[in-house]
Amino acid sequence: MREYMTTRDIVGPLLLIESVSDVTYGELVELEYPDGTRSLGNVLEVNGDVALVQAFEGTRGSNPSQTKARFLGRSLELGVSRDMLGRVFDGLGRPNDGGPEIIPDKRLSIYGSPINPTARDFPDDFIQTGVSAIDGLNPLVRGQKLPIFSGSGLPHNELAAQIARQAAVLARSAQDDVVGEKLEGEFAVVFAAMGITFEDADFFTTEFRTTSAIERAVLFLNLADDPAVERIATPRMALTAAEYLAYECDMHVLVILTDMTYYCEALREVSAARKEVPGRRGYPGYLYTDLATIYERAGRIKGRAGSITQVPILSMPDDDKTHPIPDLTGYITEGQIILDRNLHRRGIYPPVAVLPSLSRLKQKGIGPGKTREDHADLSNQLFGAYARGLQAKELAVILGEAALSDTDKAFVAFADAFEDRFIRQGKHEERTVEETLTLGWELVSLLPRSELKRIKDEYVAKYLPSDSES
Amino acid sequence: MEQGKIVKVAGPLVVAEGLVESKMYDLVRVGAEGLMGEIIEMRGDRASIQVYEETEGLGPGNPVDATGAPLSVELGPGLLESVYDGVQRPLDVLERMAGAFLARGVTAPGLDREKQWEFVPTVSAGDTVTGGDIIGTVQENVVIEHRIMVPPGVSGTIADIAGGTYTVTDAIGHLKTAAGETVPLMMMQVWPIRMPRPYTRRISASEPLTTGTRVIDTFFPIVMGGVACIPGPFGAGKTVTQHQIAKWSNAEVVIFIGCGERGNEMTDVLMEFPELVDPYSGEPLMKRTVLVANTSNMPVAAREASVYTGITMAEYFRDMGYNVVLQADSTSRWAEAMREISGRLEEMPGDEGFPAYLGTKLAAFYERAGKVECLGADSGVRNGSVSVVGSVSPPGGDLSEPVVQNTLRVVKVFWALQDQLAFQRHFPAIDWLTSYSLYLDKVETYWRNEVSEEFRSRRDECMAILQRENELAEIVRLVGLEALSAEEQILMETAKTIREDFLQQNAFRDDDQFSSLKQQDLLLKTILLFHERAIEAHGSGAALKDIFVAPVRERITRAKYLGLNDIDQYESIASDIETQLVGGGADDEARAVYAGGER
């Protein structure tokens with residue numbers, strides 16, 4: 001082991017250690033401060049005999065002359081095993097639920113390796129979340145990365161917990177007009193908390209415990225009062241565990257990462273300490289690439305039974321979608337579920353802003369065999385009609401309700417009913433996709449039949465409730 | 001070859017000393033695993049190297065081996081249907097070698113060395129040839145005839161040449177140069193990616209690159225050899241538009257570069273293209289496609305190289321006399337890769353941290369597009385083109401950011417994607433008011449000869465209607481539709497028809513994803529006929545609300561789903577318009593009689 005006491009500078013979370021030899025980029029370092037505190041770190045840059053080390057657990061208690069740095073000759077790893085299920089770990093993957101150490105099946109570098117694009121299998125299995133606003137309009141697909149864009153004070157935790165609780169995969173159906181049965185499968189949830197409060201974390205752990213979901217969950221918790229730089233490692237810890245469970249234990253893993261905003265802030269902190277040229281709003285220029293190394297670890301691989309589906313949560317500063325964090329995330333992920341403050345204020349849960357939300361893989365995940373033949377058309381129609389209803393409402397604000405044509409009035413009525421019955425749903429209410437579609441048909445029956453332009457005539461004839469007036 | 005030693009490692013950048021004889025942009029092998037790298041800066045005997053693989057585990061003292069050659073691609077039979085990373089490593093081969101995850105230091109040549117190709121010579125011993133001349137062909141697949149050329153800069157007399165089955169590195173014959181040397185001829189050429197391949201001269205392009213997407217072909221056309229950019233915020237449909245062009249354009253060869261984008265998108269292309277049938281050849285689209293996939297989580301330096309790798313391949317097919325379309329999705333990720341490397345080099349940054357040479361690099365890249373007279377003795381007979389369509393992902397959809405602005409300086413077509421349109425599910429979400437094409441006048445002759453005499457004027461009229469709609473929309477918002485004159489109300493309806501029944505196009509619907517130019521013209525003709533007749537009908541007394549509910553409108557709405565074989569349907573729609581809009585309202589006999597007098 002190579003141990004040095006040659007620290008020269010300590011700046012924020014960074015230490016500059018001199019006169020080192022045989023140090024490699026990315027190497028794991030164990031730091032021991034004069035007061036006995038220990039911290040793990042890794043090498044960010046090595047220049048001749050000088051190494052720049054970032055301390056995951058902070059530099060409090062360190063000083064230049066008495067800090068010991070041991071270079072461990074390997075990168076940061078996580079010992080993985082099936083026994084991780086049901087356990088709670090800290091942000092660096094050490095048990096913090098009072099339970100025993102995990103006896104690892106193998107040790108994996110937390111940085112992983114990119115999946116070869118030719119080895120990927122395209123995500124096209126519908127996941128039923130039991131939430132109409134998602135299943136009906138922006139469905140989640142196995143192997144997808146679909147973030148929730150939220151804001152402070154919005155119920156993103158409740159929605160994420162509900163998805164984790166209810167997510168299920170449906171069997172392929174032989175008939176186009178029948179939805180397949182719910183499949184029981186090897187399902188696991190990996191939860192990574194980065195910088196969230198104790199209360200938020202407690203909500204999730206309690207939620208997982210009371211529904212006994214904890215038995216198939218692995219939790220990594222870095223809370224608001226834990227060292228910020230540790231957050232850079234936390235999502236990678238979680239994804240390493242997820243990859244093991246998915247690709248070696250054949251499980252379908254749902255990864256919830258919350259809150260990506262704090263992760264990015266930790267990254268910015270390190271970047272600022274390194275005096276790097278900043279990109280937008282002080283975030284490093286490589287934020288996109290860095291986020292991609294997290295989000296792109298979702299997916300499916302040909303010939304392997306398991307999959308990784310990611311639902312990252314991020315709070316948009318000031319609800320601003322153009323802020324670099326949601327913006328770059330949106331460019332990497334396959335869509336986004338956006339929560340809306342106005343709906344929330346009106347007491348509608350889940351307050352999903354349907355129009356700007358998007359699931360890019362929707363086309364592949366729904367339709368005959370997967371859900372039902374009319375799903376795509378119906379969802380297009382619901383979108384279109386809701387958009388038109390909102391437009392008409394805006395017009396009514398300016399010109400008064402009386403200025404609206406009868407058709408527009410029908411669309412306004414539709415939009416209200418849509419928000420009240422389709423989007424709104426109980427926190428513990430689970431709707432099958434069939435129930436969601438039925439509800440959708442009930443709602444479009446509020447519109448004149450001639451306005452159902454986006455649905456094939458045969459579906460209108462087959463599914464439109466017969467008692468509705470045309 | 002000389003060997004240097006690493007002195008510094010910072011992310012994808014490695015600094016090595018002891019490389020005295022190496023040159024800028026030389027390829028080097030870094031560390032014990034021999035990771036690929038390229039020299040991008042030299043100070044004394046210290047060379048800064050961007051490494052195309054993860055650098056974790058490298059440290060000072062590790063060896064760096066010079067190769068003395070610049071980073072190059074291999075060009076020859078076997079390119080088509082391949083999937084490469086940013087530095088032309090075949091990803092399917094890597095998968096067989098190393099499994100589902102990309103491992104470091106695993107590499108394979110760009111062209112299969114074992115595969116045998118049937119070579120048919122088109123020249124014989126004694127013929128004089130010069131660089132660029134075609135000396136034979138290989139039927140690479142049912143769609144593309146791969147033309148084997150004399151490498152640029154080589155000339156002489158064919159000493160011997162023989163048809164038969166060869167690998168790409170076998171000698172298919174020999175060439176005697178003017179200096180009396182005998183050089184072997186191979187099917188494979190090697191070309192440095194940062195150096196444009198030579199041609200005889202650039203020529204002006206006037207033939208449209210048709211894409212089957214109506215808003216592009218009719219309103220904002222691009223020519224074969226043209227350059228276009230698609231900027232837009234996320235979710236606006238850049239990638240779908242790019243895929244549409246890759247699928248349905250009338251280019252002979254398609255190079256698709258996934259530059260720093262999603263892995264699943266490349267998988268989508270990989271799974272879909274072999275299934276989709278090219279409307280021109282009837283064969284799977286994959287047969288004319290080369291994919292360069294350097295996804296966002298793959299090494300950032302290889303992303304920087306990927307666009308050069310792609311365009312060099314495009315130029316190679318152009319040199320054979322083909323029309324090639326190159327798609328780069330997304331050039332913003334490429335620019336970010338440059339920014340990251342520049343930052344590691346501690347260069348003084350320009351706008352938003354991008355290097356000061358961003359504009360120069362972008363311009364130089366797009367300038368490699370164009371229509372050319374190919375190199376060779378038959379120059380002037382053999383023409384080829386490279387069209388480039390680059391997507392840009394501006395942060396927050398802000399078009400004033402440096403990548404968009406520098407791109408707009410060089411491209412001639414701008415397809416502005418709007419997220420507002422996407423929210424309304426108006427796809428493709430190309431904003432007809434802010435987009436532009438500077439090729440309109442160039443394609444006019446072609447349109448006149450191949451489509452119809454009136455296509456351009458119809459297009460311009462529709463554009464004017466859309467413009468006018470935008471002005472009137474303001475008034476409608478303030479005081480309501482009723483405040484408009486009847487003629488203006490008809491115009492608003494026509495504009496809506498243009499938007500919904502012409503501009504909107506469903507990329508996922510079999511009968512809508514591809515529209516021929518002929519069909520686009522007929523659609524416009526139909527829409528404008530309705531507009532004209534509606535105004536006339538109103539002039540002779542028909543009520544607006546009756547005009548607007550004429551049953552023929554339903555047929556106009558569905559006209560875009562008509563195939564090419566249903567041309568007569570358009571005539572029948574036209575005659576419906578004539579009969580239903582003769583002054584009177586729909587099914588209103590009294591009015592029809594009244595108007596009948598006038599017509």
Just give me the residue among [options] that pairs up with chain A most often, heavy atom to heavy atom, under 4.5 Å.
options: B:Ile6, B:Asn62, B:Val476, B:Asp92; answer: B:Asp92
options: B:Ala422, B:Gly353, B:Pro233; answer: B:Pro233
options: B:Leu270, B:Thr55, B:Val479, B:Val83; answer: B:Thr55

Within a reach of under 6.0 Å around CD of B:Glu500, are more than 12 heavy atoms found that belong to other residues, nucleotides or ligands?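 Yes, because the 6.0 Å sphere around CD of B:Glu500 holds more than 12 heavy atoms from other groups.
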When you look at CD of B:Glu346, are more than 12 heavy atoms from neighbouring residues, nucleotides or ligands closer to it than 6.0 Å?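 No.
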Salt bridge flag under 4.0 Å for residues [X] and [Y]:
X: B:Arg558; Y: B:Asp511; result: no
X: A:Lys364; Y: B:Asp268; result: yes
X: B:Glu95; Y: A:Lys302; result: no
X: B:Glu54; Y: B:Arg104; result: no
X: A:Arg142; Y: A:Asp125; result: yes
X: A:Arg2; Y: A:Glu27; result: yes

I'd like to know which of [options] tops the heavy-atom pair count under 4.5 Å against chain B.
options: A:Gly279, A:Pro284, A:Gly335, A:Gly285; result: A:Gly285
options: A:Val46, A:Val277, A:Thr322; result: A:Val46
options: A:Thr333, A:Leu44, A:Leu52, A:Leu328; result: A:Thr333
options: A:Val354, A:Ile332, A:Ile301; result: A:Ile332
options: A:Gln144, A:Gln363, A:Gln336, A:Arg300; result: A:Gln363
options: A:Val23, A:Val50, A:Asn116, A:Asp22; result: A:Asn116

Checking salt bridge (Lys or Arg N to Asp or Glu O under 4.0 Å) for the pair A:Arg274/A:Glu45: CA distance, chi angles, key distance, verdict? CA-CA 10 Å; A:Arg274 290 182 73 180; A:Glu45 187 177 312; 3.1 Å; yes
Of the backbone (N, CA, C, O) and the side chain (C-beta and beyond), which part of [X] lies under 4.5 Å from a heavy atom of chain A, both, or neither?
X: B:Val14; result: neither
X: B:Arg339; result: side chain
X: B:Glu336; result: side chain
X: B:Thr295; result: side chain
X: B:Glu261; result: both
X: B:Glu272; result: side chain
X: B:Leu291; result: neither

Chi angles and distances behind the side-chain hydrogen bond (donor to acceptor under 3.5 Å, both in side chains) call for B:Tyr52, B:Glu304: CA-CA 9 Å; B:Tyr52 295 121; B:Glu304 194 272 336; 4.7 Å; no
What parts of residues 383-394 of chain A touch chain B if we use heavy atoms and a cut-off under 4.5 Å?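 Counting heavy atoms that sit under 4.5 Å from chain B, the residues of residues 383-394 of chain A involved are A:Phe383, A:Gln391.
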Contact class of [X] relative to chain B, heavy atoms under 4.5 angstrom:
X: A:Arg297; answer: neither
X: A:Asp290; answer: neither
X: A:Arg120; answer: both
X: A:Tyr247; answer: side chain

Using atom types as modelled, flag every donor-acceptor pair under 3.5 Å from a side chain in residues 391-402 of chain B to any protein atom, sequence neighbours excluded.
from     : atom 1 : to       : atom 2 : distance (Å)
B:Ser391 : OG     : B:Asp329 : OD1    : 2.7
B:Ser393 : OG     : B:Ser330 : OG     : 2.8
B:Asp398 : OD1    : B:Ser400 : N      : 2.9
B:Asp398 : OD1    : B:Ser400 : OG     : 2.7
B:Asp398 : OD2    : B:Ser400 : OG     : 3.3
B:Glu401 : OE2    : B:Val403 : N      : 3.2
B:Glu401 : OE2    : B:Val404 : N      : 2.8

Apply the test salt bridge (Lys or Arg N to Asp or Glu O under 4.0 Å) to residues A:Glu296 and A:Lys145: give CA-CA distance (whole Å), side-chain angles for both, the deciding distance (0.1 Å), then the verdict. CA-CA 8 Å; A:Glu296 280 289 333; A:Lys145 37 200 181 292; 3.7 Å; yes
B:Tyr84: what forms a ring-ring contact (aromatic ring centres under 6.0 Å, His included) with it, not counting sequence neighbours?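 If we apply the ring-ring contact (aromatic ring centres under 6.0 Å, His included) test to B:Tyr84, skipping adjacent residues, there are no hits.
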Identify, with sequence neighbours excluded, every residue that meets ring-ring contact (aromatic ring centres under 6.0 Å, His included) alongside A:Phe149.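 Result, ring-ring contact (aromatic ring centres under 6.0 Å, His included) vs A:Phe149: none returned.
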Looking only at the side chains, is there a donor atom on one of A:Thr293 and A:Arg236 sitting less than 3.5 Å from an acceptor on the other?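 A:Arg236 and A:Thr293 do have a side-chain donor-acceptor pair below 3.5 Å.
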Tell me whether B:Ser342 contacts the main-chain N or O of B:Glu347 through its side chain, where contact means a donor paired with an acceptor under 3.5 Å.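 Absent.
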